[in-house]
**Q** 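First, the structure itself, so that you have it in front of you.
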Amino acid sequence: QVQLVESGGGLAQAGGSLRLSCAASGRTFTMGWFHQAPGKEREFVAAISWSGGFVYYADSVKGRFAISRDNAKNTVFLHMNSLKPEDTAVYYCAAARSSDHNRSRWPDYYDYWGQGTQVTVSS
């Protein structure tokens, strides 16, 4: 099994930046980020293939967030820039055993999930 541990969440002002990290205990293929606000469905944010050659973003974060990974460290990052109050949510990283990264926007695609890290953006 693969364990995922997120870090880097916290408070930021609108327009600010945060970098989230997710360390995996073993090798993974596709990795992604989702977020969930209270009472809302978990929503796709970004995903990246094992090689980093394919990346996907939700329309709401495109141009503001960037996903990357360091396979030598089994770590995926989410660089969040130009933060907005509506970005406030718990952010979860996820990892898939499958290399079918074209299905990475759907939660059911993933096999492992982190515990989540809170991101709060104030205006």
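The model shown is predicted, which means the values in this text are computed figures rather than measured ones.
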**Q** Does the side chain of Phe65 reach to within under 4.5 Å of the side chain of Leu83, using non-hydrogen atoms?
**A** yes

**Q** Salt bridge or not between Asp59 and Lys62? Use side-chain N to carboxylate O under 4.0 Å.
**A** yes

**Q** So which atom in Met31 and which in Ile67 form the shortest heavy-atom distance, rounded to 0.1 Å?
**A** O-CD1, 4.0 Å

**Q** Mark yes when over 12 heavy atoms from residues, nucleotides or ligands other than Glu41 sit less than 6.0 Å from its CD; otherwise mark no.
**A** no

**Q** Under 4.5 Å between any side-chain heavy atoms of Phe54 and Thr30, yes or no?
**A** no

**Q** Quick check: does any side chain N or O of Asp100 sit under 3.5 Å from a backbone N or O of Asn102, one acting as donor and the other as acceptor?
**A** no

**Q** If you look at every heavy atom in Ala89 and Ala37, which pair is closest and at what distance?
**A** CB-N, 3.9 Å

**Q** Among Tyr91, Tyr110, Tyr109, whose ring pair (Phe, Tyr, Trp, His ring centres under 6.0 Å) with Phe34 holds?
**A** Tyr110

**Q** If you compare all heavy atoms of Phe29 against all heavy atoms of Arg97, which two are closest, and at what distance to 0.1 Å?
**A** CD1-O, 2.7 Å

**Q** Do Arg42's NZ or CZ and the ring of Tyr92 fall within the cation-pi criteria of under 6.0 Å and 45°?
**A** yes

**Q** So which atom in Ser17 and which in Ser82 form the shortest heavy-atom distance, rounded to 0.1 Å?
**A** OG-N, 4.4 Å

**Q** Find out if a path of hydrophobic residues (ILVMFWY) with successive side-chain heavy-atom gaps under 4.5 Å connects Trp33 to Trp50.
**A** no

**Q** Check the surroundings of atom CD in Gln118: do more than 12 heavy atoms from other residues, nucleotides or ligands lie under 6.0 Å from it?
**A** yes

**Q** Start with the C-alpha distance between Arg64 and Asp87, add both sets of side-chain angles, then the distance that settles side chain to side chain contact (heavy atoms under 4.5 Å, CB included), and finish with yes or no.
**A** CA-CA 11 Å; Arg64 299 190 298 118; Asp87 296 320; 2.8 Å; yes

**Q** In the structure I gave you, are the side-chain heavy atoms of Glu6 and Gln115 within less than 4.5 Å of one another anywhere?
**A** yes

**Q** Between Leu18, Val90, Thr88, Leu11, which is the residue that forms a side-chain contact (heavy atoms from CB on, under 4.5 Å) with Val119?
**A** Leu18

**Q** In terms of ring plane angle, is the pair Phe77 and His79 parallel, tilted or perpendicular, where the classes change at 30° and 60°?
**A** tilted

**Q** Looking only at heavy atoms, what is the nearest atom pair of Arg69 and Thr28, with distance?
**A** NH2-OG1, 3.1 Å

**Q** Other residues, nucleotides and ligands only: do more than 12 of their heavy atoms fall within 6.0 Å of CZ on Arg103?
**A** yes

**Q** Give a yes or no on whether the ring-centroid distance for Tyr56 and Phe44 is below 6.0 angstrom.
**A** no

**Q** Mind listing the closest non-hydrogen atom pair of Gly53 and Ser49 along with its distance?
**A** N-OG, 3.4 Å

